[in-house]
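Just so we're clear, the structure is a prediction, and the values are computed from it rather than from any experiment.
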Amino acid sequence: MTHQWTPEDDKLMYNLTILYRLDWKKISTKFEQETGKRATPVFLSKRYKVIKPLQNYTKKAFGAEDDEKIEEYVKTYGDDWVRIGLEMGNYDPIKIRNRFYQKVKNSDLNIKNLKQIREEREALEKEGNI
């Protein structure tokens, strides 16, 4: 049975590319778990190349002020790069993630487990405590 590809599928696939850093096998597996639709890693990779240019992200370069914002948002949202991108004014989540890790690599930032921060925040939001 063939399933119709939807804009929601594009959004999920794009978010998975951010979360799994373009690991197409993991993305394919998680995509099938989430949607029940099978999509090969090759198909997802090609689809990503189609939708990536359609993302309407801010093109301005990062500055010192942006680095400070990224660090603060990471402490708040963990590794939810999509949300951080939106909070910063529609920046590309992949560029934010890369910028953050570049700064971590070149500094002595002490950030606890990013995934744990995101999961704790999501749990609080679910409970209505935020």
Side-chain angles (χ1 to χ4, degrees):
M1 180 175 172
T2 304
H3 296 281
Q4 189 69 26
W5 193 264
T6 66
E8 291 78 23
D9 293 335
D10 280 339
K11 184 175 181 182
L12 173 63
M13 189 263 307
Y14 189 76
N15 289 339
L16 290 172
T17 62
I18 296 164
L19 186 61
Y20 294 111
R21 300 185 182 169
L22 305 177
D23 182 338
W24 297 111
K25 285 184 180 183
K26 284 183 183 177
I27 293 166
S28 177
T29 301
K30 188 66 175 173
F31 184 84
E32 185 173 355
Q33 290 171 355
E34 297 273 330
T35 65
K37 297 177 183 179
R38 288 193 70 212
T40 66
V42 171
F43 170 79
L44 292 174
S45 173
K46 288 179 180 179
R47 184 69 190 154
Y48 175 78
K49 289 176 184 172
V50 169
I51 67 169
K52 175 71 170 133
L54 302 177
Q55 305 299 319
N56 200 13
Y57 292 120
T58 301
K59 303 255 190 262
K60 107 177 183 185
F62 290 107
E65 187 177 306
D66 294 320
D67 292 338
E68 290 173 14
K69 284 182 184 178
I70 292 171
E71 189 176 337
E72 286 305 311
Y73 287 133
V74 165
K75 289 176 183 175
T76 304
Y77 300 118
D79 65 352
D80 189 348
W81 305 113
V82 173
R83 186 162 187 177
I84 294 170
L86 293 173
E87 290 284 341
M88 290 187 63
N90 204 31
Y91 274 89
D92 183 346
I94 293 174
K95 288 184 180 179
I96 291 173
R97 182 197 68 209
N98 292 346
R99 179 70 175 201
F100 175 75
Y101 284 118
Q102 175 189 16
K103 289 295 177 184
V104 167
K105 183 178 166 185
N106 296 330
S107 73
D108 59 346
L109 286 177
N110 186 12
I111 304 285
K112 73 177 187 175
N113 186 322
L114 299 179
K115 186 175 180 184
Q116 180 182 352
I117 294 170
R118 178 176 42 89
E119 289 170 351
E120 289 171 358
R121 180 154 187 93
E122 287 172 355
L124 289 171
E125 286 176 348
K126 226 177 220 181
E127 295 169 2
N129 294 335
I130 293 183

Exercise for review: Please name all residues satisfying side chain to side chain donor-acceptor pair (under 3.5 Å) with Arg38, sequence neighbours left out, ordered by chain then number.
Suggested key: none

Review point. Taking Thr17 for the side chain and Leu22 for the main chain, is one N or O donor matched with an acceptor at less than 3.5 Å?
Key: no

Revision key, fill the gap. Nearest heavy-atom contact between Ser28 and Leu44 is CA-CD1, 3.5 Å

Point to revise | Interatomic distance, Asp79 atom CG to Arg97 atom CZ [nearest 0.5 angstrom] | key: 10.0 Å

Exercise for review: State which residues pass ring pair (Phe, Tyr, Trp, His ring centres under 6.0 Å) with Phe43; sequence neighbours excluded, sorted by chain then number.
Suggested key: Trp5

**Study point:** Residues in side-chain contact (heavy atoms from CB on, under 4.5 Å) contact with Val50, at least two apart in sequence or another chain
**Key:** Arg47

Practice item. Rounded to the nearest 0.5 Å, what's the gap from CG on Leu86 to OH on Tyr91? Could you check? Key: 13.0 Å

Point to revise | Counterpart residues, salt bridge (Lys or Arg N to Asp or Glu O under 4.0 Å), relative to Lys37 (two or more places apart) | key: Asp9

Point to revise | Non-hydrogen side-chain atoms of Trp81 and Val74 separated by less than 4.5 Å | key: yes

Check your understanding: Taking the side chain from Ser45 and the backbone from Pro41, do they hold a donor-acceptor pair closer than 3.5 Å?
Key -> no

Check your understanding: Can you list the residues that meet the ring pair (Phe, Tyr, Trp, His ring centres under 6.0 Å) rule with Tyr48, with sequence neighbours excluded?
Key -> Tyr14, Trp24

**Study point:** Contact summary for Glu34 and Leu12, nearest pair of heavy atoms
**Key:** CB-CD2, 3.7 Å

Point to revise | Heavy-atom check, side chain of Ile70 versus side chain of Lys103, under 4.5 Å | key: no

Point to revise | Same apolar cluster (I L V M F W Y, side chains within < 4.5 Å links), Val42/Ile27 | key: no

Review point. Between CZ of Arg83 and OH of Tyr73, what distance do you get to the nearest 0.5 Å?
Key: 10.5 Å

Review point. How long is the span from the CE atom in Met88 to the CZ atom in Arg99, to the nearest 0.5 Å?
Key: 9.5 Å

Please table the atom pairs, donor to acceptor, closer than 3.5 Å between any side-chain atom in residues 59-66 and protein atoms at least two apart or in another chain.
| from | atom 1 | to | atom 2 | distance (Å) |
| --- | --- | --- | --- | --- |
| Asp66 | OD2 | Gly63 | N | 3.1 |

Check your understanding: Could you walk me through whether Thr76 and Glu87 pass the side chain to side chain contact (heavy atoms under 4.5 Å, CB included) check?
Key -> CA-CA 11 Å; Thr76 304; Glu87 290 284 341; over 6 Å; no

Point to revise | Point-to-point distance, once rounded to the nearest 0.5 Å, from CG of Asp67 to CD of Gln102 | key: 8.0 Å

Point to revise | Approximate separation, where rounding is to 0.5 Å, of Thr40 OG1 and Lys25 NZ | key: 12.0 Å

